[in-house]
Amino acid sequence: MWHGATHAFKDLAMSCVGQFLDYFLKKNNRHVNILVGTSGDTGSAAIESVRGIPNIDITVLLPHGRCTEIQERQMTTVIEDNVHVYAVDGTSDELDEPIKKLFGDTEFVKRHNLMSTNSVNWARVMVQIAHFFYGYFQCAPSQDNELLPPVEIVVPTGGAGNITAGCIAQKMGLPIQLVAVVNSNDIIHRTVQKGDFSLGNTERTLASAMDIQLLQMMKSCSVTDDDILQTIRRCWEENRCLLCPHSAVAAFYHYRQFDLNQNLPRCCLAPASAAKFQDVTLRAGLIPEVPPEIEALMKKETRCTYLKKQDNWERVLREKLEAIDQKRKGNI
């Protein structure tokens with residue numbers, strides 16, 4: 001699913017969201033401020049979808065040192081007037097707090113036309129429904145005058161946006177069984193299996209985009225870092241295919257079921273390219289395959305603002321959004 005501009009599954013939906021926004025903003029002569037918190041791939045896909053669009057400014061918070069270097073550079077090397085990147089000293093859950101506070105201030109949201117393209121964005125979820133129909137028919141080709149057979153779709157799950165699209169596909173009649181696979185930040189798995197909705201601490205793992213504690217109800221599985229590394233090695237040995245750690249979380253579930261002879265039709269969603277997680281590939285004892293566009297990132301100029309733990313992140317964001325709108329009014 002990752003054959004897009006930033007090598008992540010989010011490129012398809014984000015590119016559509018960017019075009020939708022550009023069309024309607026031009027039509028209505030309006031401007032919006034997009035505010036995004038990212039654990040890795042969302043930020044770069046969001047930036048790529050709206051970079052250079054005059055009626056849109058995008059402000060992204062990323063957890064410094066908790067994304068891969070490639071993921072960070074996909075955001076910090078975009079030098080555009082409408083792109084504003086902050087690298088914060090904290091986790092994905094921590095950087096979401098000031099964002100939630102800003103969106104909770106309805107007067108501020110209206111004054112600055114504030115919106116999000118995170119997992120909760122409906123346009124993203126709507127486009128991602130197509131992933132599940134495509135995946136389904138790869139496993140169960142359409143046959144006239146016959147009932148469609150069930151297919152299990154295994155979804156690496158962090159913020160639960162993609163698997164929400166899967167739930168909607170189910171409601172539309174697609175005969176799929178969804179499996180939410182998570183890393184050791186396993187609130188989804190614990191809730192589905194035991195009804196345990198306690199948050200706990202967010203641990204740093206190899207599958208960093210899933211270092212989130214959220215809830216969704218469906219079949220589930222939790223995977224450790226050791227499981228991820230073993231799965232990456234197994235997939236390479238058996239198929240000569242390199243997996244990113246998030247894709248490996250899904251493949252682990254498949255291998256476990258396969259070894260137990262649970263061999264119903266199954267589709268594992270691969271959300272990102274292994275090229276973005278070269279350190280993990282090396283930890284698995286394998287050699288990364290790096291495409292030229294990823295390699296070129298290491299030589300590009302970077303631009304971002306670093307925020308320390310003790311900084312008031314909410315105030316910084318408020319001041320930045322005020323400054324963006326003041327600058328726009330001065331240019332009109």
Side-chain angles (χ1 to χ4, degrees), residues 1-2 4 6-11 13-14 34-49 58-76 78 85-100 103 116-121 124-125 128 155-164 180-189 199-216 222-223 225 228 244-250 269-280 304 306-307 309 313 317:
M1 298 167 64
W2 44 261
T6 71
H7 295 258
F9 84 95
K10 299 173 184 184
D11 288 325
M14 286 292 195
I34 298 175
L35 181 57
V36 174
T38 185
S39 56
D41 288 333
T42 296
S44 56
I47 288 170
E48 190 64 33
S49 71
I58 181 167
T59 301
V60 174
L61 274 69
L62 65 91
H64 181 54
R66 290 175 176 264
C67 305
T68 69
E69 185 177 9
I70 296 299
Q71 287 175 313
E72 281 205 19
R73 282 183 167 270
Q74 284 184 321
M75 293 177 264
T76 60
V78 180
V85 178
Y86 290 87
V88 308
D89 180 17
T91 68
S92 301
D93 283 342
E94 288 171 339
L95 64 81
D96 276 341
E97 289 305 311
I99 293 175
K100 289 176 185 175
F103 278 108
S116 173
T117 54
N118 278 92
S119 300
V120 296
N121 183 284
R124 274 187 58 187
V125 174
Q128 286 167 183
V155 189
T157 303
N162 200 26
I163 205 162
T164 297
V181 284
V182 301
N183 57 24
S184 55
N185 295 300
D186 63 349
I187 187 172
I188 293 175
H189 177 59
L199 283 177
N201 294 320
T202 302
E203 298 178 14
R204 186 173 180 176
T205 74
L206 297 181
S208 56
M210 296 157 66
D211 289 347
I212 296 169
Q213 299 266 22
L214 285 173
L215 167 66
Q216 188 72 27
S222 179
V223 179
D225 280 356
I228 289 171
C244 85
H246 310 85
S247 307
V249 169
L269 301 188
S273 167
K276 302 178 76 169
F277 301 88
Q278 296 172 35
D279 288 347
V280 179
C304 75
Y306 293 93
L307 296 180
K309 268 271 201 249
W313 300 351
L317 289 176

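Atoms considered below: every heavy atom in the structure, side chains included; atoms not considered: hydrogens, waters and symmetry mates. Model, not experiment: these values are computed from the prediction.
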Atom [atom1] in [X], atom [atom2] in [Y]: separation rounded to 0.5 Å?
X: F9; Y: L269; atom1: CZ; atom2: CG; answer: 8.5 Å
X: M14; Y: N121; atom1: CE; atom2: CG; answer: 7.5 Å
X: L62; Y: T76; atom1: CG; atom2: OG1; answer: 7.5 Å
X: D89; Y: Y306; atom1: CG; atom2: OH; answer: 12.0 Å
X: S39; Y: D96; atom1: OG; atom2: CG; answer: 8.5 Å
X: S92; Y: R66; atom1: OG; atom2: CZ; answer: 8.0 Å

Heavy-atom closest contact ([X] atom, [Y] atom, distance):
X: L95; Y: G37; answer: CD1-CA, 3.5 Å
X: I34; Y: T117; answer: CG2-OG1, 3.7 Å
X: P156; Y: A250; answer: CG-CB, 3.8 Å
X: A46; Y: V36; answer: CB-CG2, 4.4 Å
X: V125; Y: G161; answer: CG2-O, 4.1 Å

Given side chain to side chain contact (heavy atoms under 4.5 Å, CB included), test T68 with Q278 step by step and report yes or no. CA-CA 8 Å; T68 69; Q278 296 172 35; over 6 Å; no
Not counting sequence neighbours, which residues clear side chain to side chain donor-acceptor pair (under 3.5 Å) with [X]? List them please.
X: D11; answer: T6
X: N118; answer: S116
X: E48; answer: R51
X: S247; answer: none

With a 4.5 Å heavy-atom cut-off, do L317 and L61 have their side chains touching? yes
Is any side-chain heavy atom of V249 closer than 4.5 Å to a side-chain heavy atom of V182? no
So, applying side chain to side chain contact (heavy atoms under 4.5 Å, CB included) with S44, which one of E72, K10, Q71, K276 is it? K276
Listed partners of [X] passing side-chain contact (heavy atoms from CB on, under 4.5 Å), at least two apart:
X: A13; result: R124, V127, Q128
X: A272; result: D41, C244, F277
X: W2; result: H7, A270, S273
X: E69; result: R73, M298

Quick check: does any side chain N or O of T164 sit under 3.5 Å from a backbone N or O of A160, one acting as donor and the other as acceptor? yes
